[in-house]
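What you see is a predicted model; the values in this text were computed from it and never measured.
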Protein chains: 2
Amino acid sequence: MAGIYDYEHPFVCTDAVVFRITTQEADSYRKLPEPKLSVLLYNRPVEPFQGKWCLPGGFLNIDETPEDNIRRKLAEKSQLMECYLEQLYTFCDIERDERGRVISIAYLGLVKESEEKLNGEWFTVNTEGNRLTFEKGSIRLTEEDLGFDHYKIIQTALERLRAKLRYSDIIFHLLPTEFTLTQVQNVYEAITGKPEAAANFRRKIAHMVKETDRYTSDKGHRPAKIFVKNSDWDK
Amino acid sequence: MAGIYDYEHPFVCTDAVVFRITTQEADSYRKLPEPKLSVLLYNRPVEPFQGKWCLPGGFLNIDETPEDNIRRKLAEKSQLMECYLEQLYTFCDIERDERGRVISIAYLGLVKESEEKLNGEWFTVNTEGNRLTFEKGSIRLTEEDLGFDHYKIIQTALERLRAKLRYSDIIFHLLPTEFTLTQVQNVYEAITGKPEAAANFRRKIAHMVKETDRYTSDKGHRPAKIFVKNSDWDK
DNA sequence: TGAATAGTGTCTGTCAGACATTATGGG
DNA sequence: CCCATAATGTCTGACAGACACTATTCA
């Protein structure tokens with residue numbers, strides 16, 4: 001049906017909060033590297049919010065789903081081909097984009113740990129009180145360094161991720177297909193920011209994982225049993 | 001900034017799944033009326049989907065938030081002035097509206113039980129297996145009788161409502177400000193479709209409610225203590 | 001041996017489900 | 001007395017948090 005698009009109506013864009021686990025070298029050679037939760041940001045080259053840090057995303061084309069739009073943008077900008085995505089929330093404040101009325105369908109994205117280098121700028125997420133900060137090398141970002149309402153979007157995404165940790169198997173989207181239980185615990189703690197007692201944590205996730213018959217062989221340490229996700233998990 | 005609206009981009013509309021508790025007279029005069037979960041639908045007067053039943057909602061204006069849009073539509077169509085609303089999900093299938101590309105920001109709405117007559121068509125929600133049907137008097141609707149993807153939207157809303165029953169105090173948006181514990185249990189059962197043991201249920205919601213010093217006086221029965229919602233509830 | 005990591009055993013309190021029991025008003 | 005509704009008591013098993021303990025590797 002022709003003509004229905006020709007009056008002024010809101011624009012639709014997408015934004016993705018993509019989290020990933022990054023590890024940094026430990027201070028001692030006997031210690032294992034400490035995993036951190038990181039988020040993908042990029043520095044905005046044009047106005048508005050030129051020079052501020054923003055989430056990946058873009059305007060939604062008329063023949064495209066928001067999820068396809070995000071996947072395309074992530075592939076273009078960051079060579080990110082494999083990513084779990086779920087819809088997060090739709091942000092609709094009238095003043096959120098000074099160029100005009102733009103609503104944003106935001107997604108939560110999770111990338112598996114892997115050795116492959118990814119383009120883009122991954123910032124570790126730090127919770128200081130109830131304020132989030134983001135760090136990469138010597139760069140430290142606070143709310144004012146982010147464009148649009150993207151700080152609020154990241155907050156919402158982190159809340160969702162933390163909530164789903166408790167009652168779903170979402171954590172495995174951040175882990176490689178094979179892992180040790182200590183690795184799972186470290187990722188869990190990196191997300192919540194709170195320490196877990198090992199014995200209790202192992203019982204808590206026991207029903208989500210399956211043993212293999214293999215072990216790690218890290219130099220200097222006791223070998224750890226390798227686990228995989230338990231795919232036939234009903235609850 | 002002028003001119004940014006003049007190329008073809010998706011339309012944005014809103015849809016609301018508004019639930020309410022309706023009671024129908026019991027068969028025996030000694031029995032209390034049985035509460036049912038009902039949803040607000042209206043019969044579509046124009047193409048597409050003329051004659052099918054649809055959710056209230058409409059196209060989003062450029063200077064309006066989706067929530068304001070819904071409240072305006074509900075007030076116009078159904079004289080519904082007070083309603084709890086939360087964003088549910090944004091439905092974006094490319095083919096969901098044959099007139100063109102339209103994405104829909106869907107809301108979950110809950111209305112308190114009250115005596116006031118409301119305009120509009122309230123259909124009771126029945127779960128038969130995993131299929132929903134909707135009934136009002138002798139009219140019985142199945143998936144095929146609903147327009148657009150509104151059946152799917154209602155399904156999503158019901159799932160959300162059922163999930164939030166467990167870990168939030170959302171049920172009180174469907175109850176009057178004063179209620180008995182049996183009333184709460186009946187509403188809970190109307191939503192889940194499953195019976196609850198009275199002793200267990202009372203313990204489960206004890207921390208969400210506060211006693212008053214008053215009692216009901218229904219003829220033919222033992223008086224029941226009247227409760228209100230416990231507003232200072234942290235967990 | 002000791003440091004660092006891997007993994008287990010046990011106690012406790014809380015809470016949900018199952019089920020039995022008591023209480024009250026009125027026909 | 002009986003019915004319908006209101007409300008409480010008790011047992012169980014599951015589970016989460018706290019905490020102490022054992023096991024393995026290698027420098």
Colleague: Would you mind reading off the distance between B:Phe179 atom CZ and D:dA6 atom P, rounded to a whole angstrom?
Modeller: 14 Å
Colleague: If you measure from the Lys or Arg side-chain nitrogens to the Asp or Glu carboxylate oxygens, is any gap between A:Lys152 and A:Asp93 under 4.0 Å?
Modeller: yes
Colleague: Take atom CG of B:Asn186 and atom C1' of D:dA4, then tell me their distance rounded to the nearest Å.
Modeller: 13 Å
Colleague: Identify which nucleotide among D:dT5, D:dA7, D:dA23 has an atom closest to any side-chain atom of A:Arg222, counting heavy atoms from C-beta outward.
Modeller: D:dA23
Colleague: Check whether A:Arg20 reaches the backbone of A:Glu113 with its side chain - one donor and one acceptor, N or O, closer than 3.5 Å.
Modeller: no
Colleague: Between C:dT24 atom P and B:Asp218 atom CG, what is the distance in whole Å?
Modeller: 18 Å
Colleague: Roughly, in whole Å, what's the span from CG in A:Leu32 to C1' in C:dG7?
Modeller: 15 Å
Colleague: Check DNA chain C against residues 199-206 of chain B and give the residues with a non-hydrogen atom under 4.0 Å, in numerical order.
Modeller: B:Ala199, B:Asn200, B:Arg203, B:Lys204
Colleague: Rounded to whole Å, please give me the gap between CG in A:Leu181 and C1' in C:dT5.
Modeller: 13 Å
Colleague: In whole Å, I'd like the distance from the CD atom of A:Glu196 to the P atom of C:dA6.
Modeller: 16 Å
Colleague: Taking atom C1' of C:dG7 as reference, at what distance in whole Å does atom CD1 of A:Ile226 sit?
Modeller: 16 Å
Colleague: Counting distance only, does the side-chain N/O of B:Arg71 pair as donor-acceptor with the main-chain N or O of B:Cys83 below 3.5 Å?
Modeller: yes
Colleague: Quick check against the 3.5 Å criterion: does B:Lys112 have a side-chain atom that pairs as donor or acceptor with the backbone of B:Phe172?
Modeller: yes
Colleague: Apply the side-chain contact (heavy atoms from CB on, under 4.5 Å) test between B:Leu174 and each candidate in B:Val111, B:Val184, B:Leu110; give the one that qualifies.
Modeller: B:Leu110
Colleague: Report yes if at least one side-chain N or O of B:Thr182 is closer than 4.0 Å to OP1 or OP2 of D:dT5; otherwise report no.
Modeller: no
Colleague: Atom CZ in A:Arg160, atom CD in A:Gln87: separation rounded to 0.5 Å?
Modeller: 8.5 Å
Colleague: Can you work out whether A:Ala224 or B:Ala197 has the more 5'-proximal nearest nucleotide on DNA chain C?
Modeller: A:Ala224
Colleague: Between A:His207 (NE2) and D:dA14 (P), how many Å, whole number?
Modeller: 14 Å
Colleague: Under 3.5 Å, side chain of A:Gln185 to main-chain N/O of A:Thr182, donor-acceptor pair present?
Modeller: no
